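I have placed the structure first, in the form of structure tokens, so that the comments after it can refer back to it.
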Amino acid sequence: MSKLDAPTVALVGAGQMGGALVRGWIEAVRKGGGLTLTVLEPHFDKALERALENVGAVLNPPQKKPVDIVVLAVKPQMFKEAAESARAFVGPDTLVLSVMAGITLDSLTRLMGAGRVVRAMPNTPGAIGRGITAYVMSSVCGTNDRALVEQLLSPLGAVEPIASERLMDVVTAVSGSGPAYVFLLAEVLAIAGEQEGLDKETAARLATLTVAGAGALLLDGGEPPATLRKQVTSPGGTTQAALDVLQSAEGMAPVLRRAVAAAVRRARELGQENR
Ligand SMILES: NC(=O)c1ccc[n+]([C@@H]2O[C@H](COP(=O)([O-])OP(=O)(O)OC[C@H]3O[C@@H](n4cnc5c(N)ncnc54)[C@H](OP(=O)(O)O)[C@@H]3O)[C@@H](O)[C@H]2O)c1
């Protein structure tokens with residue numbers, strides 16, 4: 001069987017992100033794939049362990065030997081410590097895939113002793129398979145590496161290749177941190193409704209389901225956001241009155257421009273600290 005049909009994987013850290021990956025891999029095995037998985041994680045979820053065994057994956061084989069791919073999903077500050085135990089699974093043919101924020105391709109190459117390394121940035125909707133994960137590969141990676149990486153990341157949702165590592169800080173600022181901006185929108189929309197007279201619970205429900213429903217429409221409707229916005233905006237109507245404020249010189253565009261620029265700056269600083 002090829003690496004794609006039945007990869008051997010060592011997963012380092014199986015918390016929120018690592019656990020979401022495992023849940024997706026279980027489904028892939030259920031549909032007929034193969035998987036040999038070693039999990040390095042102090043508190044691996046017993047239910048995931050049972051589910052892996054039930055679908056017929058090989059879990060934690062006794063020998064520590066090089067695998068097809070090592071997936072690093074610990075917090076960035078745990079990377080150096082985790083790298084020590086993970087190196088036993090790295091051989092000359094092993095690909096290393098990290099979903100850790102801010103850890104560079106250069107650090108991955110150096111600390112893991114691997115030639116082919118991949119740096120990915122998922123986001124929190126990935127925990128329910130509705131995220132987007134952007135990734136960049138070291139220049140020596142090939143087409144087979146790309147296929148394996150996309151296959152293993154797909155349980156988190158969409159997967160997007162990025163051409164240059166320099167742009168990963170921008171990815172972090174847009175899609176990595178992005179869910180927080182949308183949650184904030186739901187929070188402040190609720191507060192505005194409350195200030196206009198709705199009770200707290202009703203305002204929260206209206207705002208939350210509006211944000212969630214608009215997101216679902218954006219995803220399923222196949223129309224770009226500007227088209228959907230124009231569809232709810234009649235000239236001289238209520239939406240237009242609100243958009244006149246949101247699209248003014250002090251409106252959403254310049255605020256988000258400043259917010260994204262601040263996140264890019266912080267991602268660059270953190271990248272320097274984690275070198
Ligand atoms: N969650 C997100 O939305 C998101 C988005 C983008 C990127 N990421 C990246 O994804 C990575 C994982 O985030 P997460 O939210 O999944 O974190 P998490 O839930 O804390 O999971 C990390 C797991 O790694 C375990 N761990 C700690 N030290 C370890 C070691 N030396 N060896 C093996 N396992 C170890 C932790 O166990 P203990 O709890 O016992 O310490 C924990 O279960 C981070 O680097 C983060 O930057 C996350």
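Read the numbers this way: they start at 1 and go in the same order the structure lists the ligands and their atoms. Just so you know, residue 1 is the first one in the sequence shown, and it goes up from there. Remember, it's a predicted structure, so these values are computed and weren't measured experimentally.
A side chain to side chain contact (heavy atoms under 4.5 Å, CB included) with S138 is found for one member of V117, D106, D145 and no other, namely V117.
Residue S85 places no N or O, backbone or side chain, under 3.5 Å from any N or O of ligand 1. Taking distance alone, with nitrogen or oxygen atoms compared against 3.5 Å, M17 approaches ligand 1 more closely than that limit. Between M78 and ligand 1, not a single N/O pair is under 3.5 Å apart. For ligand 1, the polar-atom distance check against H43 finds a nitrogen or oxygen pair separated by under 3.5 Å.
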Evaluation steps, side-chain contact (heavy atoms from CB on, under 4.5 Å), between M100 and Q77: CA-CA 9 Å; M100 298 175 294; Q77 58 273 28; over 6 Å; no

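We find that E53 and R50 are not joined by a salt bridge, their nearest charged nitrogen and carboxylate oxygen being 4.0 Å or further apart.
Residues V12 and V90 are members of one and the same hydrophobic cluster, defined by side-chain heavy-atom contacts under 4.5 angstrom among Ile, Leu, Val, Met, Phe, Trp and Tyr. If you chain together hydrophobic residues whose side chains sit under 4.5 Å apart, L95 and I162 never meet in one group. No continuous path of ILVMFWY side-chain contacts below 4.5 Å connects L184 to L206, so the two sit in separate hydrophobic clusters.
When non-hydrogen atoms are compared, ligand 1 lies under 4.0 Å from the backbone of K75 as well as from its side chain. Residue contacts with ligand 1, taken as heavy atom pairs separated by less than 4.0 Å, involve P122 via backbone and side-chain atoms alike.
Rounded to the nearest 0.5 angstrom, L97 CG and Y135 OH are separated by 10.0 Å. Note that the OG atom of S154 and the CD atom of E27 stand 11.5 Å from one another [nearest 0.5 Å].
Taking Ile, Leu, Val, Met, Phe, Trp and Tyr as members and joining any whose side-chain heavy atoms lie under 4.5 Å apart, directly or through other members, the hydrophobic cluster of L185 also contains V182, V211.
Less than 4.0 angstrom separates some heavy atom of M121 from each of these atoms of ligand 1: 6 (C). Below 4.0 Å from some heavy atom of A101 lie the following atoms of ligand 1, by number and element: 45 (O), 47 (O). Proximity to E81 (heavy-atom distance under 4.0 Å) selects the following atoms of ligand 1: 31 (N). Interface atoms of ligand 1 facing L40, defined by a heavy-atom separation under 4.0 Å, are 33 (C), 34 (N). Annotation for ligand 1: atoms under 4.0 Å from non-hydrogen atoms of P76 are 44 (C), 45 (O), 47 (O).
Distances from atom 3 (O) of ligand 1 to the heavy atoms of T124, T133, V74 show the closest one on T124. Of the listed residues (L270, V99, V39, D45), the one carrying the non-hydrogen atom nearest atom 9 (C) of ligand 1 is V99.
When atom types are taken as modelled, the side chain of T104 and the backbone of S107 share a donor-acceptor pair closer than 3.5 angstrom. T109 contributes a side-chain N or O that, together with a main-chain N or O of L105, makes up a donor-acceptor pair within less than 3.5 Å.
Residues I69 and L152 have side chains in contact (heavy-atom distance under 4.5 Å, counting atoms from C-beta outward).
Within a 4.0 Å radius of atom 41 (O) of ligand 1, the protein contributes no heavy atom.
For atom 21 (O) of ligand 1, the closest non-hydrogen atom on the protein side is G15 CA, 3.2 Å. Of the protein's non-hydrogen atoms, A73 O, 3.2 Å is the one closest to atom 12 (C) of ligand 1. At the top of the distance list for atom 43 (O) of ligand 1, counting protein heavy atoms only, stands E41 OE1, 2.7 Å. Looking only at protein heavy atoms, the nearest one to atom 19 (O) of ligand 1 is Q16 N, 2.9 Å.
A heavy-atom separation below 4.0 Å is found between P42 and ligand 1.
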